[in-house]
Amino acid sequence: MNKQTVRPNKKFILLSMLLLLLLIISITFAIMIGSVSITPLYVWKVIFSKIPFVQNWIEQDWSRSQEIIIWQIRVPRVLLAAIVGGGLAIAGAAIQALVRNSIADPYILGVSSGATVGATAVIILGAFSFFGIYALSISAFLGSLIAIVLVFFLSRVGGRISIFRLLLAGMAVSFILSATSNFILMMSKQEGGMKAVMYWMLGSLAGAKWSNLLIPMVIFVIVFVLLWLHYRNLNLLLLGEEAAVTLGVNLQQFRIQLVLLVSLLTGVLVAVSGAIGFVGLIIPHIVRLIVGSNYKYVIPISALLGAIFLVWADALARILIAPEEMPIGIITAFCGGPFFIWLLRRNNYSFGEGD
């Protein structure tokens with residue numbers, strides 16, 4: 001029995017350390033890549049020069065322009081890519097446990113469509129202009145919040161949340177909100193605004209700066225910790241309602257908490273990055289193929305793998321059609337589509353494979 005418990009933990013620790021190392025390497029290369037090539041030595045010298053106490057040991061032999069490119073432009077963008085990738089991955093894993101469906105993702109609750117309406121209202125109609133530079137992020141988050149409140153309200157039957165109604169309400173609200181944003185686009189005469197909205201709909205990290213990193217990072221850490229602490233309840237959800245209730249899970253309360261946590265995380269991430277699809281869909285699949293369906297391992301490994309995936313997807317988006325930039329959602333869709341075709345061709349795959 002001791003050997004059986006030690007072996008998965010040892011495998012998990014080794015895998016976590018390997019992925020963490022791979023994430024650091026990925027971040028380094030992503031910062032190096034661009035119109036101005038920078039060596040990894042300068043990347044880390046500039047980063048360490050910003051850390052108190054350590055900075056005194058760093059010799060400043062780089063130019064001011066190199067420092068601006070690394071610290072003000074590339075580092076915030078790459079860190080945001082890691083946060084968004086990790087956040088969408090754990091949100092996808094949690095939603096798949098909630099609805100016991102391997103093809104569910106964070107956007108199934110209408111969060112993305114709500115955020116898109118908010119962003120469209122700002123870009124095309126100039127709404128919430130009194131928020132200044134934060135207008136887009138705040139309105140996108142408010143849109144996602146309104147969407148989840150509607151879905152939540154529509155899915156309640158006799159004071160209880162029905163999973164079937166939750167899925168249907170999410171789809172219905174998504175269709176209505178997508179139609180609303182498309183209507184605003186069709187009525188607009190601004191070509192630049194239409195292009196900006198379409199670009200935002202496909203996802204972009206071009207607007208990343210230090211000022212909009214704090215909130216996504218804090219929300220990601222809080223949701224990650226809460227999901228990981230409740231991994232047993234997530235595992236019990238996979239067994240079905242009766243088994244979960246029998247084993248002591250307050251099903252309705254936990255579902256409400258889970259929906260609110262995932263919606264908060266997804267809304268905040270969509271507000272700063274746009275609607276980036278497939279991350280919350282494919283990463284949990286890959287993780288379950290590697291470590292099984294135990295959420296003690298699925299949550300942290302999904303966070304690491306999601307971060308690595310989006311860091312590289314963003315790097316590709318920057319260099320494929322340089323000097324132009326490709327929306328990151330196109331990259332994730334190109335990766336996600338073939339993956340699901342391969343998954344469909346595997347006869348032996350099922351939700352929770354690897355237990």
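The residues of the chain are indexed from 1 along the displayed sequence. Since the structure is predicted, the reported quantities are computational estimates derived from the model, not experimental observations.
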Looking at side-chain heavy atoms only, is the closest gap between F309 and I286 below 4.5 Å? no

OG of S174 to CG of L150, rounded to nearest 0.5 Å, is 11.0 Å

Out of curiosity, does I51 fall in the hydrophobic cluster containing L79 (side-chain heavy atoms, cut-off under 4.5 Å, transitive links)? yes

Quick check: closest heavy atoms across S181 and T120, and the distance to 0.1 Å? CB-OG1, 3.8 Å

Could you walk me through whether W71 and I31 pass side-chain contact (heavy atoms from CB on, under 4.5 Å), step by step? CA-CA 9 Å; W71 187 248; I31 295 170; over 6 Å; no

N235 side chain to Y295 main-chain N or O, any donor-acceptor pair under 3.5 Å? yes

Of all heavy-atom pairs between G85 and V279, which one has the smallest distance, and what is that distance? O-CG1, 3.6 Å

Among the clusters formed by ILVMFWY side chains lying less than 4.5 Å apart, do L236 and L229 turn up in the same one? yes

Keeping the roles fixed (side chain from S144, backbone from F141), state whether a donor-acceptor pair exists under 3.5 Å. yes

Strictly distance-based, threshold 3.5 Å: is any side-chain N or O of S139 a donor or acceptor partner for the main-chain N or O of G118? yes

Hey, could you give me the OG/CD1 distance between S155 and I256, rounded to the nearest 0.5 Å? 9.0 Å

Nearest heavy-atom approach of I283 to G306 is CG2-N, 3.8 Å

For the residue pair S26 and V311, establish whether any side-chain heavy-atom pair is separated by less than 4.5 Å. yes

Supply the atom-to-atom distance I13 CD1 to Y297 OH, rounded to the nearest 0.5 angstrom. 9.0 Å

Just wondering, do W210 and L80 contact through their side chains at under 4.5 Å, heavy atoms? no

Side-chain heavy-atom pair F12, V291 within 4.5 angstrom cut-off: no

Distance, nearest 0.5 Å, that separates CD1 of I222 from CE of M217: 10.5 Å

Hey, quick one: are V197 and I176 part of the same hydrophobic cluster, counting side-chain heavy atoms closer than 4.5 Å, chains of contacts allowed? no

With heavy-atom distances below 4.5 Å as the criterion, would you say the side chains of R74 and I38 are in contact? yes

Do any N or O atoms from the side chain of Y107 and from the backbone of I276 form a donor-acceptor pair under 3.5 angstrom? yes

Side chains of T39 and Q66 in contact at under 4.5 Å (non-hydrogen atoms): no

Enclosure of R156 CZ (heavy-atom neighbours >12, cutoff 6.0 Å): yes

Taking a hydrophobic cluster as the set of Ile, Leu, Val, Met, Phe, Trp and Tyr residues connected by side-chain heavy atoms closer than 4.5 Å, whether directly or through intermediates, do W200 and M186 fall within one such cluster? no

How many angstroms lie between CG in L265 and CZ in F224, if you round to the nearest 0.5 Å? 11.5 Å

Looking at A81 and D314, what are the two nearest heavy atoms and their distance? CB-CB, 4.3 Å

Looking at G277, is its backbone amide N or carbonyl O close enough to the side chain of T332 to form a donor-acceptor pair, meaning the two atoms are under 3.5 Å apart? yes

Rounded at 0.5 Å granularity, tell me how far OG in S49 sits from CD in E59. 12.0 Å

Closest heavy-atom pair, A140 versus A271, reported as atoms and distance to 0.1 Å, is CB-CA, 3.7 Å

Do N212 side-chain atoms and G207 backbone N/O form a donor-acceptor pair below 3.5 Å? yes

Using a 4.5 Å cut-off on heavy atoms from C-beta on, say whether the side chain of F220 contacts that of L269. no

Run L202 and M198 through side-chain contact (heavy atoms from CB on, under 4.5 Å) and show every step you take. CA-CA 6 Å; L202 292 170; M198 293 302 296; 5.7 Å; no

R318 side chain to A30 backbone, donor-acceptor under 3.5 Å: yes

Would the number of heavy atoms belonging to other residues, nucleotides or ligands and lying under 6.0 Å from CZ of F130 be above 12? yes

Which one of L154, I95, I108, L98 satisfies the side chain to side chain contact (heavy atoms under 4.5 Å, CB included) criterion with L166? L98

Shortest non-hydrogen separation from L109 to S263 and the atoms involved: CD1-OG, 3.9 Å

For I25 and F29: C-alpha separation, side-chain torsions, deciding distance, then whether side-chain contact (heavy atoms from CB on, under 4.5 Å) applies. CA-CA 6 Å; I25 293 169; F29 275 96; 3.6 Å; yes

Classify the angle between the aromatic ring planes of Y42 and W62 as parallel (below 30°), tilted (30 to 60°) or perpendicular (above 60°). perpendicular

Take a 6.0 Å sphere around CE of M171 and say whether it holds more than 12 heavy atoms from other residues, nucleotides or ligands. no

Can you find a pair of side-chain heavy atoms, one from L136 and one from V272, that are under 4.5 Å apart? no

Check this for me: W342, atom CH2, are more than 12 non-hydrogen atoms of other residues, nucleotides or ligands nearer than 6.0 Å? yes

I47, CD1: over 12 other non-hydrogen atoms inside 6.0 angstrom: yes

Count the heavy atoms belonging to other residues, nucleotides or ligands that lie under 6.0 Å from CZ of F254, then report whether that count exceeds 12. yes

Among the clusters formed by ILVMFWY side chains lying less than 4.5 Å apart, do L14 and L20 turn up in the same one? no

Residues M201, L185; criterion side-chain contact (heavy atoms from CB on, under 4.5 Å); working and verdict: CA-CA 12 Å; M201 284 175 163; L185 274 177; 4.1 Å; yes

